[in-house]
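Beneath this line is the structure, given in structure tokens, with notes to follow.
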Amino acid sequence: MTDEFSHTSGMNIKLTFDFCPQNLREDETETIYRIVQEGITNANRHGHASTVMILLSGRKNQLHIILRDNGISCKTITQGWGLRHMQERIELLKGTLRCNNLTDGFIINAMIPINKGGN
């Protein structure tokens with residue numbers, strides 16, 4: 001997805017893993033995908049970013065996703081459909097989502113408990 005989006009949008013997207021969770025449930029996989037998809041879409045559409053850095057890190061039962069772009073910062077974060085939907089998905093997994101303006105862009109921090117229930 002990131003390669004295709006980078007190719008079609010012209011944005012430089014750098015995806016880094018220091019943790020790659022195994023045996024994820026379908027709802028966990030879908031949530032991770034949608035967080036990344038919505039994050040890069042917003043960076044392009046609203047922030048007019050030229051670069052997005054995505055980091056997936058964590059440990060056995062927790063995944064941390066950070067998306068940081070160099071786009072236009074906004075004074076107030078308004079939760080539109082995309083951010084609301086992201087928040088709802090993460091809450092269903094008992095995770096947390098924080099979005100913050102930066103002087104030179106925007107950052108999304110998501111923390112998701114993973115592989116609960118023996119998966």
Where do [X] and [Y] come nearest, in terms of heavy atoms and distance?
X      : Y      : answer
Lys94  : Pro113 : O-CG, 3.5 Å
Met1   : Val36  : CE-CG1, 3.6 Å
Phe106 : Cys99  : CZ-CB, 3.6 Å
Leu93  : Glu28  : CD1-CA, 4.0 Å
Ala43  : Val52  : CB-CG2, 3.6 Å
Ile13  : Ser6   : CD1-N, 3.9 Å

Is there a continuous path of hydrophobic side-chain contacts, each under 4.5 Å between heavy atoms, that joins [X] to [Y]?
X      : Y      : value
Ile108 : Leu102 : no
Met53  : Phe5   : no
Ile114 : Leu97  : yes
Phe19  : Ile65  : yes
Leu83  : Ile54  : yes

Query raised in the report: Excluding sequence neighbours, so at least two apart, what forms side chain to side chain contact (heavy atoms under 4.5 Å, CB included) with Met111?
Result: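 Here the qualifying residues are Gln62, His64, Thr96.
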Taking atom [atom1] of [X] and atom [atom2] of [Y], what is their separation to the nearest 0.5 Å?
X     : Y      : atom1 : atom2 : answer
His48 : Asn70  : NE2   : CG    : 12.5 Å
Leu55 : Asn109 : CG    : CG    : 9.5 Å
His85 : Arg34  : NE2   : CZ    : 8.0 Å
Glu88 : Thr31  : CD    : OG1   : 11.0 Å

Requested in this report: Look at the side chain of Asp69 and the backbone N and O of Ile40, then say whether any donor-acceptor pair between them is shorter than 3.5 Å.
Outcome: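 Answer holds: no.
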Is there a side-chain contact between [X] and [Y] in this structure, where contact means two heavy atoms from C-beta onward sitting under 4.5 Å apart?
X     : Y      : result
Asn42 : Leu67  : no
Leu24 : Leu63  : no
Arg68 : Asp104 : yes

Requested in this report: Check step by step if side chain to side chain contact (heavy atoms under 4.5 Å, CB included) holds for Leu56 and Leu15.
Outcome: CA-CA 8 Å; Leu56 277 69; Leu15 178 59; 3.9 Å; yes
Query raised in the report: What residues, two or more places apart in sequence or in another chain, satisfy side chain to side chain donor-acceptor pair (under 3.5 Å) together with Asp27?
Result: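 Once residues adjacent in sequence are excluded, the partners of Asp27 under the side chain to side chain donor-acceptor pair (under 3.5 Å) criterion are Arg25.
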Requested in this report: Please identify each residue that fulfils side chain to side chain donor-acceptor pair (under 3.5 Å) with Arg45, with sequence neighbours left out.
Outcome: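 Arg45: no side chain to side chain donor-acceptor pair (under 3.5 Å) contacts found.
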Query raised in the report: Counting heavy atoms not belonging to Asp18, are there more than 12 under 6.0 Å from its CG?
Result: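 Counting neighbours around CG of Asp18, more than 12 heavy atoms of other residues, nucleotides or ligands fall under 6.0 Å, so yes.
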